Protein chains: 2
Amino acid sequence: MFIKNLPHKTVERLSQYRRALLLILSKEKTHVFSHEIAQMLHITPVQVRRDLMLIGYSGNLRKGYDIKELIDLIGKIIDSERGQRVAVVGLGNLGKAFISYFKGKRSKLSMIAAFDVNPEKINRVFDGVPCYHINQLPEIIKQNNISIGIITVPSEQAPEIAEALVLSGIKGILNYTPKPLNVPAYVYLEEYDMITSLEKVAFFAKKNDERFK
Amino acid sequence: MFIKNLPHKTVERLSQYRRALLLILSKEKTHVFSHEIAQMLHITPVQVRRDLMLIGYSGNLRKGYDIKELIDLIGKIIDSERGQRVAVVGLGNLGKAFISYFKGKRSKLSMIAAFDVNPEKINRVFDGVPCYHINQLPEIIKQNNISIGIITVPSEQAPEIAEALVLSGIKGILNYTPKPLNVPAYVYLEEYDMITSLEKVAFFAKKNDERFK
DNA sequence: TTTTTGTTGTGAAACTTTACACATGTCCAC
DNA sequence: GTGGACATGTGTAAAGTTTCACAACAAAAA
Ligand SMILES: NC(=O)c1ccc[n+]([C@@H]2O[C@H](COP(=O)([O-])OP(=O)(O)OC[C@H]3O[C@@H](n4cnc5c(N)ncnc54)[C@H](O)[C@@H]3O)[C@@H](O)[C@H]2O)c1
Ligand SMILES: NC(=O)c1ccc[n+]([C@@H]2O[C@H](COP(=O)([O-])OP(=O)(O)OC[C@H]3O[C@@H](n4cnc5c(N)ncnc54)[C@H](O)[C@@H]3O)[C@@H](O)[C@H]2O)c1
């Protein structure tokens with residue numbers, strides 16, 4: 001299913017709604033109200049309803065939203081019908097954390113391969129994901145039609161890894177190194193830095209502290 | 001230094017500017033142009049100039065911005081003068097990744113303690129950070145005046161950890177578990193989920209792919 | 001000197017995102 | 001059945017964020 005111009009923020013929240021809904025899905029509870037979803041994500045109920053309006057989902061006036069239906073609909077919108085394949089480059093702390101967290105979580109995204117240079121990791125399987133030598137990257141990416149790469153190598157290596165990924169035909173990159181990367185416009189690039197998050201918390205914690213004094 | 005109502009997004013970018021500037025700081029290069037900073041973060045030069053305007057920094061019309069000065073000014077604004085102390089709860093893959101990445105990076109934020117339940121980790125030091133048993137959390141937090149907590153325990157334990165942190169007087173929490181937490185309004189809460197990032201990349205990669213076909 | 005080039009700084013417009021306010025609908029209690 | 005309680009859905013306003021457009025200026029080139 002395709003919806004024209006879904007806002008960036010809405011896409012992000014749809015993923016979060018699904019995560020939260022999967023967490024509360026059970027035999028007993030089949031429906032959920034907008035204010036319940038809102039509370040879980042610390043946003044307003046109006047925001048939730050607006051997002052659901054954008055994806056054309058209607059709830060039951062008395063019971064709220066059907067959890068299963070909503071999970072399925074979100075899937076129809078944000079997942080690719082044919083599925084997408086993912087690889088992690090750099091099987092250190094962060095790479096392993098990603099793989100073990102991801103395991104079994106999504107059916108339309110498959111974690112196909114990891115790459116490293118450490119001989120102790122190569123040709124072993126971590127949480128169901130085989131690890132290959134970095135030299136095999138182009139070959140494995142192309143063979144398996146992997147379209148998304150996650151970069152968790154030491155930051156100095158990040159640019160060359162990004163280049164290799166792009167040349168192998170990747171369509172999206174999730175970069176966890178602090179190194180600025182340059183990729184062509186047709187490759188979607190997302191970056192995240194824990195220290196930035198921490199500094200944000202530090203800044204607003206200090207601000208709150210003054211405000212609530 | 002305090003600036004009234006600095007936008008959320010600007011605070012985030014200031015942290016990123018500093019990260020990027022520290023990365024290019026060297027003897028040879030003392031100044032930087034807005035378009036250079038912009039390119040590193042994949043934003044526009046105007047955005048950079050606007051942010052610097054908000055913090056009241058003026059560049060040199062011909063040479064650009066003094067890198068050292070700018071790093072210092074950003075510090076004066078986003079760091080707390082007296083410093084803030086941080087603890088990590090849950091020393092698994094993610095907790096270790098955080099600590100090793102953070103090591104030596106910031107002078108105004110100190111990583112003081114880690115907590116776990118695994119006897120093999122307790123009373124050992126990881127990258128300079130001592131690990132204590134979770135039972136000691138209230139005591140250690142209060143004694144050391146730790147004001148920020150990072151949660152990287154298995155998600156089932158997250159709510160009780162958050163509660164313990166709040167009761168011990170923490171002012172900000174960075175939660176990496178998918179479990180929704182409830183904290184009082186005076187505690188600043190930030191959450192992050194790798195799968196949400198991945199799904200965002202997947203969504204826009206698929207979209208790009210159609211657009212650039 | 002004068003012109004050209006390339007930068008910063010910023011008012012105002014445009015765009016994006018969120019919240020308000022309330023019409024509408026459903027069920028339950030009475 | 002009638003009114004009250006409590007949801008959803010949504011037009012519109014407000015708030016937040018980014019971009020446009022250009023004045024102001026400094027240095028180098030002509
Ligand atoms: N963005 C963030 O929030 C964040 C957080 C923590 C770490 N980091 C960064 O992420 C990266 C990984 O962190 P980590 O703690 O997992 O480090 P790590 O040292 O545990 O893991 C790095 C892995 O990459 C492998 N590697 C090295 N060179 C390689 C190459 N050329 N090709 C493939 N694999 C290679 C190493 O063998 C190792 O297994 C580092 O750059 C670190 O600075 C970022
Ligand atoms: N948000 C994200 O992007 C993201 C990514 C990866 C993992 N995760 C989540 O983060 C958490 C940690 O992931 P991980 O890969 O590091 O897992 P892990 O199993 O490697 O680490 C968890 C650690 O917590 C410790 N622990 C268990 N119970 C505890 C308690 N009561 N008090 C203190 N410590 C305790 C364990 O001994 C272990 O060392 C999990 O909840 C995981 O689902 C989130």
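Chain A is the first sequence line, chain B the second, and so forth, proteins listed ahead of strands; every chain is numbered from 1. Predicted model, so just to flag it, every value in this text is computed and none were measured.
In this structure, B/Thr10 reaches neither bases nor backbone, as no heavy-atom distance under 4.0 Å exists between it and the strands shown.
What separates OH of A/Tyr65 from C1' of D/dT8 is a distance of 6 Å, to the nearest Å. In this structure, NE2 of B/His8 is placed 13 Å from C1' of D/dA15, rounded to the nearest angstrom. D/dT8 atom P lies 11 Å from atom NE2 of A/His31, rounded to whole Å. The NZ-P distance, from A/Lys9 to D/dA15, rounds to 17 Å in whole Å. As a whole-Å value, the separation of A/Leu52 CG from D/dT10 P is 11 Å. Rounded to an integer number of Å, the gap from CG of A/Asp66 to P of D/dA7 is 18 Å. For the pair B/Ile43 CD1 and D/dT18 P, the computed distance is 8 Å after rounding to whole Å. Remark: P of D/dT10 and OH of A/Tyr57 are 14 Å apart, rounded to the nearest angstrom.
Comparing D/dG9, D/dC25, D/dC20 by their nearest atom to the side chain of B/Leu61 picks out D/dC25. Of the candidate nucleotides D/dT18, D/dT8, D/dT10, D/dT10 has the atom lying nearest to any side-chain atom of A/Met53.
Of the two residues contacting DNA chain C, namely A/Pro7 and B/Pro45, the nearest-nucleotide position lying further toward the 5' end is that of B/Pro45. Residues A/Arg50 and A/Arg62 each lie close to DNA chain D; by heavy-atom proximity, the contact nearer the 5' end of the strand is made by A/Arg62. Taking the nucleotide of DNA chain C with the nearest heavy atom to each of A/Thr44 and A/Asn60, the more 5' of the two is matched to A/Thr44.
Nucleotides of DNA chain C that come within less than 4.0 Å of any heavy atom of chain B span, from the 5' end to the 3' end, C/dT5 to C/dA12.
A/Arg49 has no side-chain polar atom (N or O) that falls below the 4.0 Å cut-off from OP1 or OP2 of D/dG9.
Atom NZ of residue B/Lys76 and atom CD1 of residue B/Ile3 lie 11.5 Å apart, to the nearest 0.5 angstrom. The CG atom of B/Leu198 sits 5.0 Å away from atom CD1 of A/Ile150, with the distance rounded to the nearest 0.5 Å.
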| side-chain hydrogen bond (donor to acceptor under 3.5 Å, both in side chains) evaluation trace for A/Tyr101 with B/Asp193 | CA-CA 10 Å; A/Tyr101 180 48; B/Asp193 189 312; 2.7 Å; yes
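Ionic pairing of B/Arg19 and A/Glu199 is not present here: no N-O contact between side-chain nitrogen and carboxylate oxygen is shorter than 4.0 angstrom.
Aromatic ring pairs are classed by plane angle as parallel below 30°, tilted from 30° to 60° and perpendicular above 60°; the pair A/Tyr188 and A/His8 is tilted. Classification of the B/Tyr176-A/Tyr192 ring pair by plane angle, with boundaries at 30° and 60°, yields perpendicular.
For A/Lys105, the NZ atom is densely surrounded, since the number of other residues' heavy atoms within 6.0 Å is greater than 12.
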